[in-house]
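Worksheet for the structure shown next.
From a predicted model like this one, the values you see are computed outputs, not experimental measurements.
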Amino acid sequence: MSKLGNIGARLYRGEVGYDFIGKRKIWYGLSILITITAIVGLAVRGLNMGIEFSGGAVFTTPKTSVSASAAQHQAESAAGGHQAVVQKLGGGALRIQISGLDTKQALPVQEELAKDLNVQVKDVNTQLVGPSWGEQIANKAWLGLGIFMVLVVLYLAIAFEWRMALAALVALIHDLTITVGVYALVGFEVTPGTVIGLLTILGYSLYDTVVVFDSLKEASKDITKQTRFTYSEIANRSINSTLVRSINTTVVALLPVAGLLFVGGGVLGAGMLNDISLALFVGLAAGAYSSIFIATPLVAELKSREPQMKALTKRVQAKRAAAAAKEANQEGPQDAVDAEDSEDADGAAVVGPRQQPASRNRGRGRPSGKRR
């Protein structure tokens with residue numbers, strides 16, 4: 001068995017473990033700090049909305065020797081200061097997005113771009129996107145997100161309990177907030193690919209959370225009939241027993257996404273790959289973190305406030321205190337007996353050698369008397 005497999009087996013059996021529940025305030029504080037940073041970044045910098053949401057024009061040019069940075073400068077100059085996003089396509093072609101252009105402004109910009117890039121006007125393909133279409137996409141995305149949240153809460157409340165449903169909802173909001181905040185801080189363009197990525201990470205985040213919840217549900221069955229563990233301790237054992245599994249599934253899922261983000265988006269310059277891969281990468285990492293450090297500790301905290309769990313905690317503590325007192329009482333008399341035996345042994349060791357020489361002297365004295 002590998003070293004990681006051995007650790008996973010020991011975690012599953014409860015031989016080793018980390019106190020996630022006991023140190024939950026540290027993780028709460030860290031999550032609050034990250035969330036505040038994301039919200040501040042979102043409020044200060046805002047989201048860089050693509051033309052699919054803000055409206056504008058997309059110009060696709062044939063093969064040209066002009067660099068992407070030079071084409072961006074020329075496009076913004078031709079569009080009268082409107083922001084332009086230029087992407088290098090395969091074969092040397094360019095895709096130029098200029099937000100805020102309408103139909104009347106698109107034709108002069110097309111002619112100016114053809115002139116600056118030294119290509120024919122008819123070879124420059126123009127597509128116009130109205131802001132109403134982007135608004136429809138945004139509204140449908142919000143509607144889908146709302147329906148998803150409601151269904152998740154209902155499912156978890158029925159399959160598990162309302163406390164787990166509430167904790168899962170908090171974890172999902174936590175993941176979405178961090179992902180959107182990272183988008184604002186990085187400055188990536190928000191496109192329909194971004195929306196797809198945001199909706200996808202909800203499933204991954206929920207998967208890790210449900211795995212831990214299922215283990216907790218199984219371990220806490222008939223919990224009030226025993227006095228060995230409290231609910232928080234069983235929740236902590238459930239996290240540790242599924243820890244290696246959660247790490248493995250997250251790493252395996254992150255590897256191809258990292259390839260899309262850093263190789264496909266960074267090296268090859270694929271635009272939409274950047275949008276969807278960043279959302280997936282941040283969301284997967286945040287989802288694994290929230291399922292371990294946020295969702296389950298929150299469930300344990302809510303559950304421990306129940307009267308039954310409070311009574312269970314008192315019984316467990318009383319039993320442990322009684323066991324400790326009994327052990328101390330058993331060790332006390334035994335220590336006294338050991339001390340007495342030690343004293344007797346010491347006394348015998350001292351008396352024996354003192355008597356032995358006397359006996360020998362008396363024996364030696366009698367023969368000397370007979371000689372006289």
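Judged as a side chain to side chain contact (heavy atoms under 4.5 Å, CB included), and not counting sequence neighbours, Pro108 has no contacts. Qualifying side chain to side chain contact (heavy atoms under 4.5 Å, CB included) partners for Leu156, counting only residues two or more places apart in sequence or in other chains: Val152, Phe160, Ala165, Ala168, Leu206, Val210. With sequence neighbours left out, Thr35 forms a side-chain hydrogen bond (donor to acceptor under 3.5 Å, both in side chains) with no residue at all. Every residue two or more places apart in sequence or in another chain was checked for a ring-ring contact (aromatic ring centres under 6.0 Å, His included) with Phe229, and none qualifies. The side-chain hydrogen bond (donor to acceptor under 3.5 Å, both in side chains) search around Ser246 returns none, not counting sequence neighbours.
Put simply, Tyr28 and Val212 are part of the same group of oily side chains (I, L, V, M, F, W, Y) that touch within less than 4.5 Å, one to the next. Under a hydrophobic-cluster definition in which Ile, Leu, Val, Met, Phe, Trp and Tyr are linked whenever side-chain heavy atoms come within less than 4.5 Å, directly or via other members, Leu198 and Leu254 are assigned to the same cluster.
Listed for the Ser215 side chain is no donor-acceptor partner under 3.5 Å among the backbone atoms of Val211. Proximity of a side-chain donor or acceptor of Ser205 to a complementary backbone N or O of Leu202 within less than 3.5 Å is not detected. A donor-acceptor pair is defined here as one N or O able to donate and one able to accept, closer than 3.5 Å; no such pair exists between the side chain of Thr296 and the backbone of Ile292. Not one N or O on the side chain of Thr250 forms a donor-acceptor pair closer than 3.5 Å with the backbone of Ala288. Between the side chain of Gln120 and the main chain of Ala114, no donor-acceptor pair closer than 3.5 Å is present.
Counting only residues at least two apart or on different chains, the side-chain hydrogen bond (donor to acceptor under 3.5 Å, both in side chains) pairs with a member in residues 140-163 are Glu161-Arg163, Glu161-Lys303, Arg163-Glu306.
Summarising the geometry, atom OG1 belonging to Thr313 is positioned 11.5 Å from atom CD belonging to Gln308; distances are rounded to the nearest 0.5 Å. A distance of 9.0 Å separates CE in Met164 from CG in Asp214, rounded to the nearest 0.5 Å. In this structure, OG1 on Thr227 lies 8.0 Å from CG on Leu312, to the nearest 0.5 angstrom. Put simply, NZ on Lys115 and CD on Glu111 are 10.5 Å apart, with the number rounded to the nearest 0.5 Å.
In summary, of the residues considered (Leu302, Thr230, Ile223), a side-chain contact (heavy atoms from CB on, under 4.5 Å) with Met309 occurs for Ile223 alone.
In plain terms, the two heavy atoms of Phe148 and Leu172 that are nearest each other are CE2-CD1, 4.2 Å. Of all heavy-atom pairs between Ala279 and Ile201, the closest is O-CG2, 3.3 Å. The two residues Ala219 and Ile234 make their nearest non-hydrogen contact at CB-CG2, 3.6 Å. Nearest heavy-atom pair, Val119 versus Lys63, reported as atom, atom and distance to 0.1 Å: CG1-O, 4.4 Å. Across every non-hydrogen atom of Ala167 and Ala295, the tightest pair is CB-O, 3.4 Å.
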Note to self: salt bridge (Lys or Arg N to Asp or Glu O under 4.0 Å) for Glu233 and Arg320? Distances and angles first, verdict last.
What the structure shows: CA-CA 14 Å; Glu233 292 171 345; Arg320 291 176 181 176; 2.8 Å; yes

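With 3.5 Å as the limit, one finds a donor-acceptor pair spanning the side chains of Ser31 and Tyr289.
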